[in-house]
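Step one of this worksheet: look at the structure below.
The figures here come from the full heavy-atom set of this structure, side chains too, leaving out hydrogens, waters and symmetry mates. Each chain gets a letter, A, B and so on, in the order the sequences are listed, and its residues count up from 1.
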Amino acid sequence: MDDLTLPEVETVRKRIETATKKEAKFCLMAAYLFCARASEIIGATNRYDIAHNQTVARGPTGQDVKIETFEVGDIKTQAAIFTVRTAKRDGKIRKIALPLEKKFEPWTEPLCNYYAEHGNDKVFPFTRQKAWDYAQETFFGLSYPIEKYNLYEQEDTKPKPVRAHMKPFRTHALRHLRATELIETFGFTGFDLSVYGGWTLRSMVGVGSAMSRYAHLDWRRYFPKLLKKRF
DNA sequence: GCCTGTTATGGTGAAGTGCC
DNA sequence: GGCACTTCACCATAACAGGC
(Lines give C-alpha, C1' and ligand atoms only; values in the text may rest on other atoms or scores of the structure.)
Protein backbone atom coordinates (compact mmCIF):
# COMPACT_ATOMS: atom_id res chain seq x y z
CA MET A 1 0.00 0.00 0.00
CA ASP A 2 1.36 3.39 -1.00
CA ASP A 3 1.77 6.18 1.52
CA LEU A 4 -0.87 8.58 0.16
CA THR A 5 0.87 11.84 1.03
CA LEU A 6 2.37 14.73 -0.93
CA PRO A 7 6.15 15.18 -1.11
CA GLU A 8 7.62 17.84 1.20
CA VAL A 9 7.48 21.42 -0.11
CA GLU A 10 11.22 21.76 0.51
CA THR A 11 11.95 18.69 -1.61
CA VAL A 12 9.95 20.06 -4.53
CA ARG A 13 11.46 23.54 -4.19
CA LYS A 14 14.98 22.09 -4.22
CA ARG A 15 14.19 20.11 -7.38
CA ILE A 16 12.93 23.28 -9.09
CA GLU A 17 16.05 25.20 -7.98
CA THR A 18 18.26 22.58 -9.61
CA ALA A 19 16.42 22.45 -12.96
CA THR A 20 19.09 22.80 -15.63
CA LYS A 21 17.16 24.86 -18.19
CA LYS A 22 16.27 28.38 -17.16
CA GLU A 23 12.81 28.29 -18.81
CA ALA A 24 12.01 24.99 -17.07
CA LYS A 25 13.00 26.40 -13.70
CA PHE A 26 10.90 29.57 -14.00
CA CYS A 27 7.97 27.76 -15.58
CA LEU A 28 7.73 25.30 -12.67
CA MET A 29 8.42 28.08 -10.19
CA ALA A 30 5.49 30.11 -11.57
CA ALA A 31 3.15 27.08 -11.70
CA TYR A 32 3.92 26.36 -8.06
CA LEU A 33 3.74 29.95 -6.76
CA PHE A 34 0.52 30.76 -8.66
CA CYS A 35 -1.18 27.47 -7.76
CA ALA A 36 -1.70 27.31 -11.51
CA ARG A 37 -2.78 24.77 -14.07
CA ALA A 38 -0.32 24.20 -16.93
CA SER A 39 -2.51 26.13 -19.37
CA GLU A 40 -2.40 29.21 -17.12
CA ILE A 41 1.38 29.33 -17.51
CA ILE A 42 2.25 28.19 -21.03
CA GLY A 43 2.14 30.57 -24.00
CA ALA A 44 1.76 28.24 -26.98
CA THR A 45 -0.64 25.54 -28.15
CA ASN A 46 0.05 22.96 -30.86
CA ARG A 47 -2.29 22.56 -33.85
CA TYR A 48 -3.90 19.39 -32.52
CA ASP A 49 -4.94 20.93 -29.19
CA ILE A 50 -6.41 23.96 -31.00
CA ALA A 51 -8.29 21.79 -33.52
CA HIS A 52 -9.75 19.61 -30.78
CA ASN A 53 -10.59 22.41 -28.34
CA GLN A 54 -8.13 20.97 -25.86
CA THR A 55 -5.78 23.26 -23.94
CA VAL A 56 -6.06 27.01 -24.48
CA ALA A 57 -2.71 28.70 -23.75
CA ARG A 58 -3.45 31.51 -21.28
CA GLY A 59 0.12 32.15 -20.17
CA PRO A 60 1.37 35.64 -19.25
CA THR A 61 3.46 38.18 -21.14
CA GLY A 62 6.28 40.10 -19.48
CA GLN A 63 3.78 42.90 -18.78
CA ASP A 64 1.60 40.78 -16.49
CA VAL A 65 3.23 41.80 -13.22
CA LYS A 66 3.37 45.05 -11.27
CA ILE A 67 4.78 46.11 -7.90
CA GLU A 68 2.55 47.66 -5.25
CA THR A 69 3.12 48.78 -1.68
CA PHE A 70 1.05 46.96 0.93
CA GLU A 71 0.43 48.90 4.10
CA VAL A 72 -1.82 47.99 7.03
CA GLY A 73 -1.16 48.79 10.71
CA ASP A 74 2.56 48.38 11.42
CA ILE A 75 3.11 46.41 8.26
CA LYS A 76 4.59 48.09 5.19
CA THR A 77 6.08 45.93 2.47
CA GLN A 78 6.13 45.50 -1.29
CA ALA A 79 4.07 42.98 -3.21
CA ALA A 80 4.45 41.71 -6.76
CA ILE A 81 1.00 41.35 -8.29
CA PHE A 82 0.90 38.75 -11.07
CA THR A 83 -2.05 38.58 -13.47
CA VAL A 84 -3.20 35.00 -14.10
CA ARG A 85 -5.95 34.01 -16.56
CA THR A 86 -7.93 31.16 -15.06
CA ALA A 87 -8.55 28.04 -17.15
CA LYS A 88 -12.04 26.46 -17.02
CA ARG A 89 -13.57 29.86 -16.26
CA ASP A 90 -13.08 31.41 -19.68
CA GLY A 91 -9.84 33.11 -18.76
CA LYS A 92 -11.24 34.97 -15.73
CA ILE A 93 -8.48 37.21 -14.36
CA ARG A 94 -7.16 36.56 -10.87
CA LYS A 95 -4.39 38.38 -9.05
CA ILE A 96 -1.61 36.48 -7.34
CA ALA A 97 0.18 38.73 -4.84
CA LEU A 98 3.53 37.56 -3.52
CA PRO A 99 5.82 39.28 -1.01
CA LEU A 100 8.90 40.78 -2.65
CA GLU A 101 11.02 40.51 0.49
CA LYS A 102 13.32 37.48 0.30
CA LYS A 103 12.68 36.41 3.89
CA PHE A 104 9.04 35.77 2.95
CA GLU A 105 9.42 34.46 -0.61
CA PRO A 106 12.88 34.32 -2.23
CA TRP A 107 11.50 33.42 -5.67
CA THR A 108 9.34 36.52 -6.21
CA GLU A 109 12.14 38.85 -7.26
CA PRO A 110 13.87 36.45 -9.69
CA LEU A 111 10.49 35.65 -11.25
CA CYS A 112 9.73 39.38 -11.68
CA ASN A 113 13.12 39.82 -13.34
CA TYR A 114 12.41 36.87 -15.64
CA TYR A 115 9.09 38.50 -16.63
CA ALA A 116 10.92 41.77 -17.33
CA GLU A 117 13.30 39.99 -19.75
CA HIS A 118 10.29 39.12 -21.96
CA GLY A 119 8.76 42.58 -22.40
CA ASN A 120 5.60 42.26 -24.52
CA ASP A 121 6.32 38.63 -25.43
CA LYS A 122 5.03 35.47 -23.78
CA VAL A 123 7.07 34.57 -20.72
CA PHE A 124 6.75 30.82 -21.37
CA PRO A 125 6.43 30.50 -25.18
CA PHE A 126 6.08 26.71 -25.35
CA THR A 127 3.33 24.05 -25.20
CA ARG A 128 1.83 22.16 -22.26
CA GLN A 129 3.57 19.01 -23.51
CA LYS A 130 6.93 20.77 -23.22
CA ALA A 131 6.06 21.92 -19.68
CA TRP A 132 5.11 18.33 -18.89
CA ASP A 133 8.54 17.17 -20.16
CA TYR A 134 10.21 19.70 -17.87
CA ALA A 135 8.15 18.46 -14.91
CA GLN A 136 8.98 14.85 -15.75
CA GLU A 137 12.74 15.42 -15.71
CA THR A 138 12.64 17.75 -12.67
CA PHE A 139 10.35 15.63 -10.46
CA PHE A 140 11.56 12.18 -11.49
CA GLY A 141 10.73 9.62 -8.77
CA LEU A 142 8.25 11.83 -6.87
CA SER A 143 4.52 11.09 -6.71
CA TYR A 144 1.30 12.59 -5.27
CA PRO A 145 -2.08 11.24 -4.14
CA ILE A 146 -5.31 11.22 -6.15
CA GLU A 147 -8.43 11.09 -3.94
CA LYS A 148 -11.04 8.42 -4.53
CA TYR A 149 -13.70 9.45 -7.07
CA ASN A 150 -16.61 8.01 -9.04
CA LEU A 151 -16.25 7.23 -12.73
CA TYR A 152 -19.47 7.56 -14.75
CA GLU A 153 -19.44 5.68 -18.04
CA GLN A 154 -21.92 6.38 -20.85
CA GLU A 155 -23.20 2.83 -21.20
CA ASP A 156 -23.15 2.10 -17.48
CA THR A 157 -25.89 3.48 -15.23
CA LYS A 158 -23.95 2.84 -12.02
CA PRO A 159 -20.91 4.94 -11.10
CA LYS A 160 -17.68 2.99 -10.84
CA PRO A 161 -15.71 3.94 -7.71
CA VAL A 162 -12.01 4.55 -8.32
CA ARG A 163 -9.89 4.04 -5.20
CA ALA A 164 -7.40 6.61 -3.93
CA HIS A 165 -4.03 6.06 -5.59
CA MET A 166 -0.67 7.71 -6.28
CA LYS A 167 0.34 9.40 -9.56
CA PRO A 168 3.74 10.61 -10.73
CA PHE A 169 4.38 14.22 -9.62
CA ARG A 170 3.95 16.48 -12.68
CA THR A 171 2.70 20.01 -13.45
CA HIS A 172 -0.76 19.59 -11.91
CA ALA A 173 0.70 18.21 -8.68
CA LEU A 174 2.29 21.63 -8.06
CA ARG A 175 -1.25 23.02 -7.73
CA HIS A 176 -2.11 20.38 -5.13
CA LEU A 177 1.11 21.02 -3.24
CA ARG A 178 0.70 24.79 -3.16
CA ALA A 179 -2.98 24.61 -2.13
CA THR A 180 -2.06 22.27 0.73
CA GLU A 181 0.82 24.52 1.78
CA LEU A 182 -1.39 27.64 1.73
CA ILE A 183 -3.90 25.97 4.08
CA GLU A 184 -1.51 24.15 6.40
CA THR A 185 1.43 26.60 6.58
CA PHE A 186 -0.13 29.99 5.86
CA GLY A 187 -3.57 29.41 7.40
CA PHE A 188 -5.59 30.15 4.25
CA THR A 189 -9.36 29.66 4.48
CA GLY A 190 -11.52 28.25 1.69
CA PHE A 191 -12.41 31.82 0.69
CA ASP A 192 -8.74 32.81 0.43
CA LEU A 193 -7.95 29.75 -1.60
CA SER A 194 -10.81 30.29 -4.03
CA VAL A 195 -9.49 33.80 -4.72
CA TYR A 196 -5.89 32.60 -5.00
CA GLY A 197 -6.43 29.42 -7.00
CA GLY A 198 -9.37 30.54 -9.13
CA TRP A 199 -11.86 27.96 -7.86
CA THR A 200 -15.52 28.90 -7.56
CA LEU A 201 -16.66 29.45 -3.97
CA ARG A 202 -19.10 26.61 -4.48
CA SER A 203 -16.43 24.09 -5.42
CA MET A 204 -14.05 25.31 -2.71
CA VAL A 205 -16.23 25.94 0.34
CA GLY A 206 -19.63 24.74 -0.85
CA VAL A 207 -21.38 28.10 -0.59
CA GLY A 208 -24.19 29.11 -2.88
CA SER A 209 -25.37 32.40 -4.31
CA ALA A 210 -25.81 34.17 -0.93
CA MET A 211 -22.09 34.10 -0.21
CA SER A 212 -20.89 34.35 -3.79
CA ARG A 213 -21.35 38.14 -3.52
CA TYR A 214 -17.95 38.08 -1.79
CA ALA A 215 -16.32 36.48 -4.81
CA HIS A 216 -14.73 39.83 -5.76
CA LEU A 217 -12.48 39.71 -2.67
CA ASP A 218 -9.02 40.47 -3.91
CA TRP A 219 -5.38 39.78 -3.03
CA ARG A 220 -5.37 42.18 -0.04
CA ARG A 221 -7.53 39.70 1.82
CA TYR A 222 -4.99 36.87 1.80
CA PHE A 223 -1.71 38.77 1.39
CA PRO A 224 -0.96 39.37 5.14
CA LYS A 225 -1.03 35.60 5.67
CA LEU A 226 1.90 35.23 3.27
CA LEU A 227 4.06 37.52 5.42
CA LYS A 228 5.49 34.65 7.37
CA LYS A 229 9.26 34.45 7.67
CA ARG A 230 10.31 31.02 6.45
CA PHE A 231 13.67 31.40 4.69
C1' DG B 1 -32.55 28.64 -0.93
C1' DC B 2 -29.63 24.95 0.32
C1' DC B 3 -27.66 20.49 -0.10
C1' DT B 4 -26.07 16.63 -2.54
C1' DG B 5 -25.48 13.61 -6.29
C1' DT B 6 -24.81 13.49 -11.27
C1' DT B 7 -23.37 15.09 -15.75
C1' DA B 8 -20.82 17.90 -18.98
C1' DT B 9 -16.94 20.14 -20.21
C1' DG B 10 -12.40 21.34 -20.56
C1' DG B 11 -8.08 20.41 -18.99
C1' DT B 12 -3.85 17.17 -17.93
C1' DG B 13 -1.06 12.73 -18.29
C1' DA B 14 1.49 10.01 -20.84
C1' DA B 15 2.71 7.15 -24.60
C1' DG B 16 3.13 6.90 -29.59
C1' DT B 17 4.60 8.78 -34.18
C1' DG B 18 7.21 11.06 -37.46
C1' DC B 19 10.48 14.44 -38.97
C1' DC B 20 15.04 16.47 -39.00
C1' DG C 1 18.57 10.93 -30.59
C1' DG C 2 16.03 14.86 -29.81
C1' DC C 3 12.26 17.37 -30.55
C1' DA C 4 7.54 18.71 -31.67
C1' DC C 5 3.24 17.05 -32.73
C1' DT C 6 -0.64 13.54 -32.24
C1' DT C 7 -3.66 10.85 -29.73
C1' DC C 8 -6.84 9.31 -26.34
C1' DA C 9 -7.56 7.92 -21.45
C1' DC C 10 -7.89 9.96 -17.27
C1' DC C 11 -8.92 13.66 -14.04
C1' DA C 12 -10.74 18.21 -12.05
C1' DT C 13 -14.31 20.94 -11.46
C1' DA C 14 -18.22 23.92 -13.13
C1' DA C 15 -22.84 23.50 -13.89
C1' DC C 16 -27.07 21.16 -13.67
C1' DA C 17 -31.02 18.69 -11.47
C1' DG C 18 -33.88 17.06 -8.04
C1' DG C 19 -35.27 16.53 -3.26
C1' DC C 20 -36.05 18.74 1.02
Side-chain angles (χ1 to χ4, degrees), chain A residues 2 4 6-7 12 19-24 27-28 30-32 34-60 84-94 122 124-180 182-183 190-215:
Chain A
D2 290 321
L4 296 174
L6 280 161
V12 172
T20 46
K21 282 191 83 171
K22 194 176 173 185
E23 69 176 20
C27 164
L28 298 173
Y32 160 71
F34 301 166
C35 203
R37 296 179 180 88
S39 61
E40 294 166 359
I41 296 296
I42 51 99
T45 316
N46 62 41
R47 283 190 301 275
Y48 183 88
D49 277 0
I50 292 170
H52 292 78
N53 291 320
Q54 306 242 84
T55 300
V56 178
R58 303 183 197 273
V84 177
R85 293 163 189 84
T86 307
K88 286 185 177 261
R89 299 184 69 190
D90 208 22
K92 180 181 162 62
I93 299 283
R94 67 178 198 270
K122 293 285 186 184
F124 307 105
F126 44 83
T127 63
R128 68 181 179 91
Q129 288 85 354
K130 188 75 190 166
W132 188 88
D133 281 345
Y134 287 149
Q136 186 184 38
E137 61 192 48
T138 305
F139 303 125
F140 180 79
L142 300 181
S143 54
Y144 79 111
I146 299 293
E147 297 290 321
K148 70 179 193 311
Y149 63 93
N150 284 333
L151 182 65
Y152 297 89
E153 285 176 344
Q154 299 259 326
E155 63 277 13
D156 210 341
T157 51
K158 277 190 176 175
K160 198 169 78 182
V162 180
R163 293 173 64 180
H165 57 280
M166 297 298 282
K167 278 193 84 161
F169 196 99
R170 301 291 180 258
T171 52
H172 203 68
L174 289 168
R175 184 166 159 86
H176 279 252
L177 184 74
R178 181 64 165 167
T180 304
L182 289 172
I183 291 169
F191 286 95
D192 298 327
L193 204 56
S194 72
V195 173
Y196 195 101
W199 287 280
T200 58
L201 284 171
R202 191 184 189 287
S203 68
M204 184 50 56
V205 290
V207 299
S209 56
M211 292 300 281
S212 63
R213 73 190 64 172
Y214 299 111

Practice problem: Return the nearest nucleotide to the side chain of A:Asn46; candidates are C:dT6, C:dA14, B:dA14. | Solution: C:dT6
Quiz item: Do A:Glu40 and A:Phe34 have side chains that get closer than 4.5 Å, going by heavy atoms?
Solution: no
Quiz prompt | Under 4.0 angstrom between A:Arg175 side-chain N/O and C:dT13 OP1 or OP2 | solution = yes
Quiz prompt | Whether A:His176 and A:His172 hold their rings parallel, tilted or perpendicular, with breakpoints at 30° and 60° | solution = perpendicular
Quiz item: Atom CG of A:Asp49 to atom P of B:dG13: distance rounded to whole Å?
Solution: 12 Å
Self-check item: Spacing of A:Lys92 atom NZ relative to B:dG11 atom P, expressed in whole Å
Solution: 16 Å
Quiz item: Got A:Trp132 and A:Arg128 here, is their nearest side-chain heavy-atom distance under 4.5 Å?
Solution: no
Practice problem: Measure the OH-OG1 distance between A:Tyr144 and A:Thr180 for me, rounded to the nearest 0.5 Å. | Solution: 11.0 Å
Practice problem: Look at all strands and tell whether A:Arg128 reaches a base, only sugar-phosphate, or nothing, counting heavy atoms closer than 4.0 Å. | Solution: base
Quiz item: Do any N or O atoms from the side chain of A:Thr45 and from the backbone of A:Ala57 form a donor-acceptor pair under 3.5 angstrom?
Solution: yes
Quiz item: With distance as the sole criterion, do the side chain of A:Lys130 and the base of C:dA4 form a donor-acceptor contact below 3.5 Å?
Solution: no
Self-check item: Side chain of A:Val56 (C-beta onward), nearest among B:dG11, B:dA14, C:dC5
Solution: B:dG11
Self-check item: Nearest atoms (heavy-atom pairs only) where A:Leu174 meets A:Ala31
Solution: CD1-CB, 3.8 Å
Practice problem: Enter the distance from A:Met166:CE to A:Leu6:CG here, rounded to the nearest 0.5 Å. | Solution: 7.5 Å
Quiz item: Paired stems touching DNA chain C, three or more consecutive Watson-Crick or G-U pairs with both distances under 3.5 Å?
Solution: B:1-20 with C:1-20
Self-check item: Atom pair distance, as rounded to whole Å: NZ in A:Lys88 and C1' in C:dT13
Solution: 5 Å
Practice problem: Would you jot down, in residue-number order, the residues of residues 132-143 of chain A having a non-hydrogen atom under 4.0 Å from DNA chain C? | Solution: none
Quiz prompt | Nearest to side-chain heavy atoms of A:Lys167, which nucleotide of C:dT7, B:dG11, B:dG13 | solution = B:dG13
Practice problem: Report the residue from A:Lys92, A:Arg37, A:Arg94, A:Arg58 that forms a side chain to side chain donor-acceptor pair (under 3.5 Å) with A:Thr86. | Solution: A:Arg94
Self-check item: A:Asn53 CG - C:dT6 P separation (whole Å)
Solution: 15 Å
Exercise. For A:Arg175 and A:Gly197, indicate whether the former's side chain and the latter's backbone hold a donor-acceptor pair under 3.5 Å.
Key: yes
Self-check item: side-chain N/O A:His52 vs B:dG11 OP1/OP2, d < 4.0 Å
Solution: no
Quiz item: Within less than 4.0 Å of OP1 or OP2 of B:dG11, is there a side-chain N or O belonging to A:Thr55?
Solution: no
Quiz prompt | Residues in contact with DNA chain B, drawn from residues 35-43 of chain A - heavy-atom cutoff 4.0 Å | solution = A:Arg37, A:Ala38, A:Ser39
Self-check item: Side chain of A:Arg47 - closest among C:dC5, C:dT13, C:dA9
Solution: C:dC5
Quiz item: Given B:dG13, is OP1 or OP2 found less than 4.0 Å from the side-chain N or O atoms of A:Thr171?
Solution: yes
Practice problem: Grab the CD-C1' distance between A:Gln54 and C:dA4 for me, whole Å please. | Solution: 16 Å
Practice problem: May I have the distance from A:Tyr48 (atom OH) to B:dA15 (atom P), rounded to whole angstrom? | Solution: 17 Å
Practice problem: Give, for atom OG1 of A:Thr127 and atom CZ of A:Arg47, the distance between the pair rounded to the nearest 0.5 Å. | Solution: 12.0 Å
Quiz item: Under 3.5 Å, side chain of A:Lys122 to main-chain N/O of A:Ala44, donor-acceptor pair present?
Solution: no
Quiz prompt | Nearest-angstrom distance from the residue atom CD1 of A:Ile50 to P of C:dT7 | solution = 14 Å
Quiz item: With a 4.5 Å heavy-atom cut-off, do A:Cys27 and A:Phe126 have their side chains touching?
Solution: yes
